[in-house]
> 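Have a look at this one before I ask anything.
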Amino acid sequence: MHRSIATVSLSGTLREKLNAIAAAGFDGFELFEADFINFSGSASELGRIAADLGLSIDLYQPFRDFEAMPEAQFRRSLDRAERKFDLMQAMGASLMLCCSNTSPLVKDDPALAAEQLHALAERAARRGLRVGYEALAWGRATSLYSQAWEIVRRADHPSLGLILDSFHTLSLKDDPAGIAQIPGEKIFFVQMADAPLMAMDVLQWARHHRSFPGQGDFDVVGFFAQALRAGYRGPLSLEIFNDVFRETPNRRTAVDAMRSLLWLESQVRERLAAAEEPRGRLPAPTVELCEPPPAPQLGGMGFIEFAADEAAAQALGQRLQQLGFARIGRHRSKAVTLYRQGQVHFIVNAQPDSFARQRFELHGTSVCALGLLAQDPEGAAARATAMCSQRHDSPRGPGESALPAIVAPGGNLIHFLPQSPDIESLLRADFVFDEPATGCEGHGLLSVDHVALGLAVDQLDTWVLFSRAVLGLEPGESLELADPFGLVRNRGLSNAERTVRLVLNASVSQRTQTARTLSRTGGGAVHHIALRCEDIFATVQRMRDAGVGFVPISGNYYDDLPTRMDLAPEFVARLRAAGVLFDRSAEGDYLHIYTQSLEEGLFFEVVQRIGDYDAYGAANAPARLAAQALQHP
Ligand SMILES: O=C(O)c1ccc(O)c(O)c1
Ligand SMILES: [Mg+2]
């Protein structure tokens, strides 16, 4: 697949954008006209820069307000087009994007549109150039690809074709199925964009909130599959207008961009293979879709590793023991301690000159690594590197286990652990266990329910895509949680078995609990760990007895609860007395409570899931955030 990206998708000067695009491994780019107008060199200089970087200029875009216009405007636009064709020839771009007309002067006259586009294509053809016509969702007369195709078909010029853009089709909830019926060679270019579902004006949505495939809510996989079914063999390109990407360092964005295309290709490949394709409509084997190792089959959170120094390790160890964790071992060769309760293993790493120590020096006491159980750890790491993640191989002592690890966005590590032998046997390779390993029942915490991350705004979508493409998790709903000092965007992701759950949080406001933790720790990372139990009242009581402090919840919350749900007064009284929050869905119930934060803002959640409750108690987030705001102003 020839992979391309529009320059509008990245921050920076044109030169910087092109460097980032080339470094991320793209084959070409769409030149957004404004980027050229504000570039300090000539068209031929740009052509040379692109060639030196090994990039083709796949598209010059956009050419606006052209078709179905009164004669005078049409003539003037033809002259305008000639000037653009001059530039295209000088830089070596052979395809121009003409987007559907948004001018108040446009006539709703497909025959006229076809005639004028034919004239444009004829001018282009004289220079060996081509024109692609794209329906903008807010085009005045043409807003659907089917209308644009009807005009292109009617114009019937070999140098005029159709340009598809998933955003315009999917934002209007138009059915992409008809794309498969269009002759593939008449589709000149395909632009892909995802987006979160939003009830807003489509123009604003398109210009500010597009995202990379895999980050939003659109069925981008189904869309691109239709283009391949049509026989499309041209570039696969990203055109993402996004306010956050405009300010995010462009090298990061370019890597996300490439990851999103690889993910899209692999998903489309699977979708086409799974669908019962009628004979003769299967994409020819000439389209090379990325075929990475399969997404990992994860089996749970094997361990969570904290970065510390000697003193911080001691302080954290005390907090963990209060929470019911037992210290069960020490590392054979390093200043690393192992704690356990139920199936939860926490590693506290205070080894000087280690990766963990670097993280501690950057972020204070913090989670620096997750150990995920995977059916095929090496395969999981291979998938990750195929999806643009870096591998991380730590130095290890004799006899210590080699666990493949990768670098997650933000710099922490994810280790992939084998599911057999069991986690204890695995840890015994590296740790000397205190014999007998006692006291692990603790307060009744059984397993890690989820890990919640507080992220910078420009890392949320990065994490969504990473979790999907690299870890094989599927995202849930995007939510907005109300903190007294701003809104927090929140999205959970999990594997199909629900044994691994991540919850991502990011806030535009600098004053929310999420933002305060982020600035206190100098970067985005785990802000709380939710641990599961089977009897939250008993567990919380034991924790309180051990001196654990919990975030206090307003009495008004408990007055309000039975007005929203049908709950027995005795049960509400019990929740109130314990300080436990409650949520109910059609599938089940969720009882949860939050501990006071450690100095760095890290805290724990104790949860009990009843039935098939599948979320994270978002309805209760304002109660927690308000209480935390009172405690840590
Ligand atoms: O927002 C626009 O104007 C615009 C321009 C060109 C495109 O390809 C597009 O999808 C949108
Ligand atoms: Mg477009």
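In listed order, ligands and their atoms are each counted from 1. Computation of the quantities below employed the complete heavy-atom set of this structure, encompassing side-chain atoms and omitting hydrogens, waters and symmetry-equivalent molecules.
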> May I ask whether Glu33 has any heavy atom positioned less than 4.0 angstrom from an atom of ligand 1?
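Outside the 4.0 Å threshold, so no.
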> For Leu298, is there any backbone N or O sitting under 3.5 Å from a side-chain donor or acceptor partner on Asn495?
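Present.
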> Checking one value in my table: which N/O/S atom of Asp165 lies closest to the Mg ion (ligand 2)?
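Result: OD2.
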> Would you confirm whether Asn412, through its side chain, and Ala408, through its main-chain N or O, come within 3.5 Å as a donor-acceptor pair?
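Not a single qualifying donor-acceptor pair exists.
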> Among all protein heavy atoms, pick out the one at the shortest distance from atom 1 (O) of ligand 1; state its residue, atom name and that distance to 0.1 Å.
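Among all protein heavy atoms, the one nearest atom 1 (O) of ligand 1 is Arg207 NE, 2.5 Å.
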> Just checking: Gln61, one of its N/O/S atoms, less than 2.8 Å away from the Mg ion (ligand 2), yes or no?
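No N, O or S atom of Gln61 is closer than 2.8 Å to the Mg ion (ligand 2), so no.
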> For atom 3 (O) of ligand 1, state which one of Glu30, Arg64, Gln191, Glu239 supplies the nearest heavy atom.
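The residue whose heavy atom sits nearest atom 3 (O) of ligand 1 is Arg64.
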> Which of the atoms of ligand 1 are close to Glu134, meaning less than 4.0 Å from one of its heavy atoms?
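Per the distance check, 6 (C), 7 (C), 8 (O), 9 (C), 10 (O).
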> Can you tell whether the side chains of Arg468 and Glu474 come within less than 4.0 Å, N to carboxylate O?
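Yes, charged N to carboxylate O under 4.0 Å.
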> When you measure from atom 5 (C) of ligand 1 to each heavy atom in Pro62, Gly139, Cys98, which option holds the nearest one?
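Heavy atom nearest to atom 5 (C) of ligand 1 belongs to Pro62.
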> So is His168 polar-close to ligand 1, meaning N/O to N/O under 3.5 Å?
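It does: an N or O of His168 is found under 3.5 Å from an N or O of ligand 1.
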> So which bit of Ile163 gets within less than 4.0 Å of ligand 1, heavy atoms only: side chain, backbone, both or neither?
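Near ligand 1, Ile163 shows nothing, with every heavy atom at 4.0 Å or more.
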> Indicate, as side chain, backbone, both or neither, the part of Leu97 found under 4.0 angstrom from ligand 1 when only non-hydrogen atoms are considered.
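Answer for Leu97: side chain.
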> Looking at Glu134, which of its N, O or S atoms is the nearest one to the Mg ion (ligand 2)?
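When I compare the N, O and S atoms of Glu134, OE2 is nearest to the Mg ion (ligand 2).
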> Decide whether a cation-pi geometry holds between Arg80 and Phe63; the criteria are a distance under 6.0 Å from NZ or CZ to the six-membered ring centre and an angle within 45° of the ring axis.
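Yes, cation above the ring, under 6.0 Å and within 45°.
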> Need the ligand 1 atom indices (1-based, order shown) with element for anything under 4.0 Å from a heavy-atom of Gln61.
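That gives atoms 6 (C), 7 (C), 8 (O) of ligand 1.
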> Measure from the ring center of Phe66 to the ring center of Tyr133 and say whether it is less than 6.0 Å.
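Judged by ring-centre distance (under 6.0 Å), Phe66 and Tyr133 do not meet the cut-off.
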> Students should be able to answer this: which protein heavy-atom is nearest to atom 11 (C) of ligand 1, and at what distance?
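Answer for atom 11 (C) of ligand 1: Leu136 CD2, 3.5 Å.
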> Find, among atoms of Glu239 that are N, O or S, the one nearest to the Mg ion (ligand 2), and state its name.
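Output for this pair reads OE1.
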> Salt-bridge test for Asp79 and Arg76: reply yes if a basic N is under 4.0 Å from a carboxylate O, no otherwise.
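A salt bridge is absent here (no side-chain N lies under 4.0 Å from a carboxylate O).
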> Tell me whether Arg123 forms a cation-pi arrangement with Phe85, defined as NZ or CZ under 6.0 Å from the six-membered ring centre and within 45 degrees of its axis.
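No, Arg123 and Phe85 do not form such a contact.
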> To the nearest 0.5 Å, what is the distance between CG on Leu160 and CZ on Phe188?
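Leu160 atom CG to Phe188 atom CZ measures 6.5 Å (nearest 0.5 Å).
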> Enter the distance from Leu504:CG to His527:NE2 here, rounded to the nearest 0.5 Å.
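Answer for the CG-NE2 pair, Leu504 versus His527, is 10.0 Å.
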> Output yes when a side-chain donor or acceptor of Lys107 lies under 3.5 Å from a complementary backbone atom of Ala113, and no otherwise.
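It does not hold such a pair.
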> I need the contact type for Trp138 against ligand 1. Using non-hydrogen atoms and a strict under-4.0 Å cut-off, is it side chain, backbone, both or neither?
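For Trp138, only side-chain atoms sit under 4.0 Å from ligand 1.
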